[in-house]
Trainee: 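Pasting a structure here, questions to come.
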Amino acid sequence: MTAARARWRAVGRRSDGGVDIAVVDATGSVTERRVIPTAQLADEVAADPDARWIWSDTTAWYHGILAAGVRVDRCHDVRLCHAILRDSSLVTDAADLRAATAWDAASADPTAERDVLFALEPAADAIPHDLDATLTEFARQARAIGEATDPGRLRLLTAAESAGALVAVELHAAGVPWSRDVHDAILTDVLGPRPRPGELPSAVRDLADRVRAELGDPGASLDSHPRLLRSLHRVGVLVESTSKWELRRHDHPVIEPLLAYKRAMRLLSANGWAWMDEWIPVDRFRPVYVPGGVVTGRWASSGGGALQLPRMLRPAVRADERWTLVVADVAQLEPRILAAMAGDVALAEAARGRDLYEGIVARGTVPTRQDAKMALLGAMYGATSGDSGRLVPSLRRAYPRAMALVDDAARVGEDGGSVRTLLGRTSPEPSAAWRELQADAAEPEASDAVRAFARSRARERGRFTRNFVVQGTAAEWALAWLADLRRRLAAFPAVGEHPVTGRAHLAFFLHDEIIVHAPVDHADAAAEAVREAADAAGRLLFGSFPLDFRLDVRIAASADKS
DNA sequence: AACGATAGCGCG
DNA sequence: AAAGCGCGCTATCGTT
């Protein structure tokens, strides 16, 4: 009976259309192996709810299983973990991982229509999906982790990354509950009623008329930057670009309507009626999340612009009848991560139980909250001038440990080295071109121009590695938060059939914010789960270090921030 | 006609 | 006009 309760199980696609399904040990050795029809896979998964499923790619496998109504509790995503371990500086010998280049290919396209698992032929450059290749790579990874400088961190990271992949598929399946009516009302309010195809909304036309009148040119083009620039110059607005931050600085009657026009056109083209029809055919927005899509470990998105939903449209995020939303975001996540990583007790003290920026002001480091925010962002992004850079030195005096962490990361990056997050995700190596440039600039006969250019590129890379450690570790905290919350919510009372959406479930995630869609009666418990999960994530990454991850949590039918 | 690069703006 | 990180998307314009 041990086989049925085995912790590790693996699946692979067969060329005859079936699925190889295996029981394996922690090193990837097969102890039992069978062939099943693809249609039977979901039942097999359902029959072993405690298993940890090893598979090539969560997107490729889990969509179909979840569509069949079966939830997976844990997995090991071979493709995602390959990318982490191949590059991690905690891995002592990554030669064979680097040689296994088949695993560097792209993930399955989650938007591809498929009635059954793998109904479509994979692209020629896709990763392998067969059991042998999957387990061979899994064995490499297990060995790499076992021999690593700190196996515990990499076990946490690979588990968190894989859990995130499950969440991403579930988020897509659940979708963001969305009111087309509210969306339409916002568009109508800002732009005017929906126009006929090929026509502009009335408010946009009116704004364009006003702009053209102020430009003294009824035929002026507003959408071509070079032509708009010339028109502006003709009326004495001597800007160098047409960007809003530069326009804002000029006092001319054309500015106000022009900025309003740009704003309206932006809303229309990015999230107007066409976008609504394409992305919200019924009452759900289903963005495609791409776990690990950013080098730092943050998620990216593909299609729909899920990570750029304008705040203006957030009222359109609306819970179903008898359901509500739990909207939670972390206050000052990255500065808190920095304090905990660096073990900076003074910064942690400023953050404890309150707004971190207010805490910095209370210590007398800088005069205002805005100053504190600018200074801290400047420190994490590498600002050297302006309001932000000017404030960094006082921060450096007050919080030397935290500042040393980011300053060291920047120095390593400028020197061409790699940095890593708390759990071991490692920054990419500099390109060959970057190294050549630095080598050229180091030659005695190098010109001043080459030296200056090389220096500028070195500082640029330093800013990247400076931010990498903080942004990447924040992404790890967020993954731990998501993974813990996901499992808490799975234990909530069911009100429907579906294993994910038939109870309180995650509906949206964006770096440091989550939205849970919950039956009204379960909203308080869901909010509590959100808080408990944040506490658990903090303990998982930082143990007993005295720092809380403060959440702003609100329960409302709409995601509008009021 | 079909790309790629660029400007600009939205999000964290 | 980015000075300061990470993204995705749209429209325009130049190249092939």
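Residue numbers start from 1 in every chain, and the chains themselves are labelled A, B, ... in the order their sequence lines are given, proteins ahead of strands. Since this is a predicted model, take the numbers as computed values, not measurements. Both backbone and side-chain heavy atoms feed into the values below; hydrogens, waters and symmetry mates do not.
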Trainee: Over all strands shown, is E246(A) touching base, sugar-phosphate only, or nothing at heavy-atom distances under 4.0 angstrom?
Mentor: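 Nothing, no heavy atom under 4.0 Å.
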Trainee: Would you classify E334(A) as touching base, sugar-phosphate or nothing, given that sugar-phosphate means primed atoms plus P, OP1 and OP2, and contacts are heavy atoms under 4.0 Å?
Mentor: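 If one applies the 4.0 Å heavy-atom cut-off, E334(A) turns out to touch nothing in the nucleic acid.
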Trainee: Closer to the 5' end of DNA chain C via nearest nucleotide, is it T384(A) or S269(A)?
Mentor: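 Looking at the nearest nucleotide for each, T384(A) comes out on the 5' side.
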Trainee: Nearest to the S385(A) side chain among dG12(B), dG8(B), dA3(C), which nucleotide is it?
Mentor: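 Per side-chain heavy atoms of S385(A), the pick is dA3(C).
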Trainee: What integer distance in Å separates R249(A):CZ from dA3(C):P?
Mentor: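 Answer to the nearest Å: 14 Å.
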Trainee: Give M312(A) one of three labels, base, sugar-phosphate or nothing, depending on what nucleic acid heavy atoms sit under 4.0 Å from its own.
Mentor: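 It contacts nothing in the nucleic acid.
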Trainee: Nearest-Å distance, CZ (R425(A)) to P (dG6(C))?
Mentor: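 Rounding to the nearest Å, CZ of R425(A) and P of dG6(C) are 15 Å apart.
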Trainee: Find the distance Y289(A):OH to dG12(B):P and express it as a whole number of Å.
Mentor: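 Checked: the OH to P distance equals 13 Å.
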Trainee: Quick check: are there more than 12 heavy atoms from other residues, nucleotides or ligands sitting under 6.0 Å from CZ of R314(A)?
Mentor: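 Check passes, neighbour count above 12.
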Trainee: Is there a donor and acceptor pair closer than 3.5 Å between the side chain of Q308(A) and the base of dG8(C)?
Mentor: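 Checked by distance alone, the answer is yes.
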Trainee: Looking at dG4(C), which nucleotide sits across from it as a Watson-Crick or G-U wobble partner, both distances under 3.5 angstrom, or is there none?
Mentor: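 Across any shown strand, dG4(C) pairs with none.
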Trainee: Can a side chain N or O of K244(A) be found less than 4.0 Å away from OP1 or OP2 on dG8(B)?
Mentor: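 Result: no.
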Trainee: If the cut-off is 4.0 Å, is T242(A) near the phosphate of dG8(B), judged by side-chain N/O to OP1 or OP2?
Mentor: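 Looking at the OP1 and OP2 atoms of dG8(B), one of them is under 4.0 Å from a side-chain N or O of T242(A).
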Trainee: On the nucleotide dG4(C), are OP1 or OP2 found under 4.0 Å from the side-chain N or O atoms that R466(A) carries?
Mentor: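 For R466(A), the contact criterion (side-chain N or O under 4.0 Å from OP1 or OP2 of dG4(C)) is not met.
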Trainee: For G378(A), which contact category applies under a 4.0 Å heavy-atom criterion: base, sugar-phosphate, or nothing?
Mentor: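 No contact.
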Trainee: Consider the side chain of A300(A), meaning its heavy atoms from C-beta on, and name the nucleotide among dG4(C), dC11(B), dC7(C) that approaches it most closely.
Mentor: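 Side chain of A300(A) sits closest to dC7(C).
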Trainee: Can you tell which of R466(A), R455(A), R457(A) makes a salt bridge (charged side-chain N to carboxylate O under 4.0 Å, His left out) with E414(A)?
Mentor: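 It is R455(A); the other options fail the test.
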Trainee: Just by modelled atom types, is the A452(A) backbone N or O under 3.5 Å from a matching donor or acceptor in the S456(A) side chain?
Mentor: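 No.
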Trainee: Do D277(A) and R180(A) meet the salt-bridge criterion of a basic N to acidic O distance under 4.0 Å?
Mentor: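 So R180(A) pairs with D277(A) through a salt bridge.
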Trainee: Can you check whether R463(A) has a side-chain N or O nearer than 4.0 Å to OP1 or OP2 of dC5(C)?
Mentor: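 Affirmative; the distance criterion is met.
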Trainee: Report the residue (G386(A) or R266(A)) whose heavy-atom-nearest nucleotide on DNA chain C is the more 5′ of the two.
Mentor: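 Closer to the 5' end of DNA chain C: G386(A).
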Trainee: Measure the distance from CG on L333(A) to P on dG12(B) and round it to the nearest whole Å.
Mentor: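 Rounded to the whole Å, the gap is 13 Å.
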Trainee: Describe the nucleic acid contact of G389(A) in one word from base, sugar-phosphate, nothing, applying a heavy-atom distance below 4.0 Å.
Mentor: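 Contact class for G389(A): none.
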Trainee: Tell me whether the rings of H505(A) and H517(A) are parallel (<30°), tilted (30 to 60°) or perpendicular (>60°).
Mentor: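 Correct class here is perpendicular.
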Trainee: Counting only side-chain N and O atoms of S224(A), is one of them less than 4.0 Å from OP1 or OP2 of dA11(C)?
Mentor: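 No.
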Trainee: Heavy atoms under 4.0 Å, any strand shown: does S388(A) hit a base, just sugar-phosphate, or nothing?
Mentor: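 Result for S388(A) = base.
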Trainee: Grab the CG-C1' distance between L228(A) and dC13(C) for me, whole Å please.
Mentor: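 So the CG-C1' distance, L228(A) to dC13(C), works out to 15 Å.
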Trainee: Would the base of dG12(B) count as contacting R298(A) through its side chain, where contact means a donor and an acceptor less than 3.5 Å apart?
Mentor: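 Flag set: donor-acceptor pair detected.
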Trainee: Is NZ or CZ of R86(A) both nearer than 6.0 Å to the six-membered ring centre of W103(A) and within 45° of the ring axis?
Mentor: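 Cation-pi check for R86(A) and W103(A): fails.
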Trainee: For G303(A), report the nucleic acid contact type (base, sugar-phosphate, nothing); a contact means any heavy atom under 4.0 Å.
Mentor: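 The residue G303(A) makes sugar-phosphate contact but no base contact.
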Trainee: In terms of side-chain heavy atoms of R263(A), which of dA11(C), dG10(B), dG6(C) is nearest?
Mentor: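 For the R263(A) side chain, the nearest candidate turns out to be dG10(B).
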Trainee: With the side chain of S243(A) defined as its heavy atoms from C-beta on, choose the nearest nucleotide among dG8(C), dC9(B), dC11(B).
Mentor: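 Output: dC9(B).
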Trainee: Could you tell me the separation between the CE atom of M265(A) and the P atom of dG8(B), rounded to a whole number of Å?
Mentor: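 Taking atom P of dG8(B) as the reference, CE of M265(A) is at 15 Å.
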Trainee: Parallel, tilted or perpendicular for W481(A) and W477(A), by the 30°/60° rule?
Mentor: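 If you compare the ring of W481(A) with that of W477(A), the planes turn out tilted.
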Trainee: Specify the separation, in whole Å, of atom CG of L309(A) and atom P of dT10(C).
Mentor: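 Computing the L309(A):CG to dT10(C):P distance gives 13 Å.
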Trainee: Just how far, in rounded Å, is C1' of dC7(C) from OH of Y381(A)?
Mentor: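 After rounding, the reported distance stands at 11 Å.
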Trainee: Considering only the P atoms, how many Å lie between dG4(B) and dG4(C), rounded to the nearest integer?
Mentor: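 My reading of the P atoms in dG4(B) and dG4(C) gives 31 Å.
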